[in-house]
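Every number for a ligand or one of its atoms is a count from 1 in the order of the listing.
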Amino acid sequence: MNHIGHLHIPARTIMTPGPVEVDPRVLKAMSSSILGQFDPQFTAIMNDTMGLLRKVLQTNNHWAFPIDGTSRAGIEAMLCSVIEEGDGVLIPSFGRFGGLLTEISERCGARVHSLVCEWGEVFDPEIIIKEIKKVKPKVVAMVHGDTSTGRMQPLKEIGYACRELDVLLIVDAVATVAGTDVKTDEWMIDGLITGTQKCLSVPSGMAPITYNDRIETILMQRKSIEKGLATQTQLSMNNFDRRIRSNYFDLSQLQDYWSPARLNHHTEATSMLYGLYEGLRIILEEGLQQRFERHRVNERALVVGIEAMGLSLFGNPNFKLPTVTCINIPEGVNGDAVRTMLLEDFGIEIASSFGPLHGKIWRVGTMGYSCQQRNVLLTLGALEAVLLHHGANIHKGEAVQAALDVYKNVGRVHVK
Ligand SMILES: *Cc1c(COP(=O)(O)O)cnc(C)c1O
């Protein structure tokens, strides 16, 4: 007979682009007792979470709340609530997650216009702006930081152009919010999605989003049509069913649930909300600017260490995503064997890559609570040891020293 033992979770240092380590305060919050979803104590936490989210997302939008589900649940809620059958959607894609936006938009019935660039590069905003003028889409949907290639697309000029041309800009900022500056309002982003398990440093399972009145107007139109037409027969007779196709991801219903009306929709994910609430409080206690600086310093130390080892980085350095570092796997080294040894012998996890980059690069995340001096130094030391074990030709004893110099020059950087 198989015996199913106690849940055993080994100690890990997680240096991937998510999920990442979580502050013990968040885990503690998540083990609090359950409250009913309409208990005033719970709805107060819902309201407070909206307030915390507005600050972290740098927006004055009224609507800022989490979708229950992983980040792509947030993306799907945003896209399926905004896009109607036949709408033009322009998707400039510079990695795998641009592909996700395309796939979801197509399922919503969009006419998708794709723009692609070589992996490791980003777009010259002018090229996107020219394309917007040409295809006149209703929506531009794009990724801010694509973890698959470790690049970050500048959005400010694109945001201004979209507003001027009356096009909606929807942004996947899953990998960037709370790790590097994401100015939702200043960059004129209409709808923004993030996720919990990256720089927010909360377990996977919620996708905070925010949207402005330009998007809310569309939601209200699609909703009033639903209310105005009494029966399904009338809907099909008029051939004019503009209702949002998903119940679970219907933002017009979800915002009613998050409003003082508290119209019942789903049952809010109690423990996840406790975790998100505490995670957001930790971010604001640290301070957004201080947090971005911590991410920059640890990224710097990691990069300097990797280069001192004699390894090279993948992609255009001018547009590097500060929260993910892509390392070219040296000639003759089996990337997966190195990752396995890091995990099994050192308890350190780094990521492989997708599609055209699989087997070519490793991806090391420096996100949220995982983004610490101790983790960076341990990862550099362990990677060097494992590479030497695999016979790689690297500079011995340089990486950790070079990283230590970075920390010495900026003063010690801790999590808080
Ligand atoms: C991780 C990630 C996602 C998807 O997240 P899930 O939580 O796995 O659904 C989407 N976009 C980007 C840019 C990501 O890095």
> Tell me: protein heavy atom nearest atom 1 (C) of ligand 1, and distance?
K198 NZ, 1.4 Å

> Should you measure from each heavy atom of G145, which atoms of ligand 1 turn up under 4.0 Å away?
13 (C)

> Does any donor atom in the side chain of D185 or T59 lie under 3.5 Å from an acceptor atom in the other side chain?
yes

> Show me which atoms of ligand 1 lie under 4.0 Å from any heavy atom of S71.
4 (C), 5 (O), 6 (P), 7 (O), 9 (O)

> Which of parallel (below 30°), tilted (30 to 60°) and perpendicular (above 60°) describes Y211 and F65?
perpendicular

> When you compare the side chains of E216 and Q255, does any donor N or O come within less than 3.5 Å of an acceptor on the partner?
yes

> With atoms numbered from 1 as shown, which atoms in ligand 1 lie under 4.0 angstrom from a non-hydrogen atom of T147?
14 (C), 15 (O)

> Quick one: look up the protein heavy atom nearest atom 3 (C) of ligand 1 and list residue, atom name and how far away it is.
F97 CE2, 3.4 Å

> Taking distance alone, with no angle check, do D172 and ligand 1 share an N/O pair under 3.5 Å?
yes

> Say whether G69 and ligand 1 are in contact under the criterion: heavy-atom distance to a ligand atom below 4.0 Å.
no

> Any nitrogen or oxygen of R72, side chain or backbone, less than 3.5 Å from one on ligand 1?
yes

> So is Q197 touching ligand 1 or not, going by heavy atoms under 4.0 Å?
yes

> Note the single closest protein heavy atom to atom 9 (O) of ligand 1, along with its residue, its atom name and the distance in Å.
T70 OG1, 2.8 Å

> Would a line drawn from the ring center of H144 to the ring center of W187 be shorter than 6.0 Å?
yes

> What I want to check is whether the side chains of E268 and Y257 have a donor and an acceptor closer together than 3.5 Å.
no

> Only one of K136, R214, K133, K138 passes salt bridge (charged side-chain N to carboxylate O under 4.0 Å, His left out) with D166; say which it is.
R214

> With distance as the sole criterion, is a donor-acceptor pair present between the side chains of Q58 and D181 under 3.5 Å?
yes

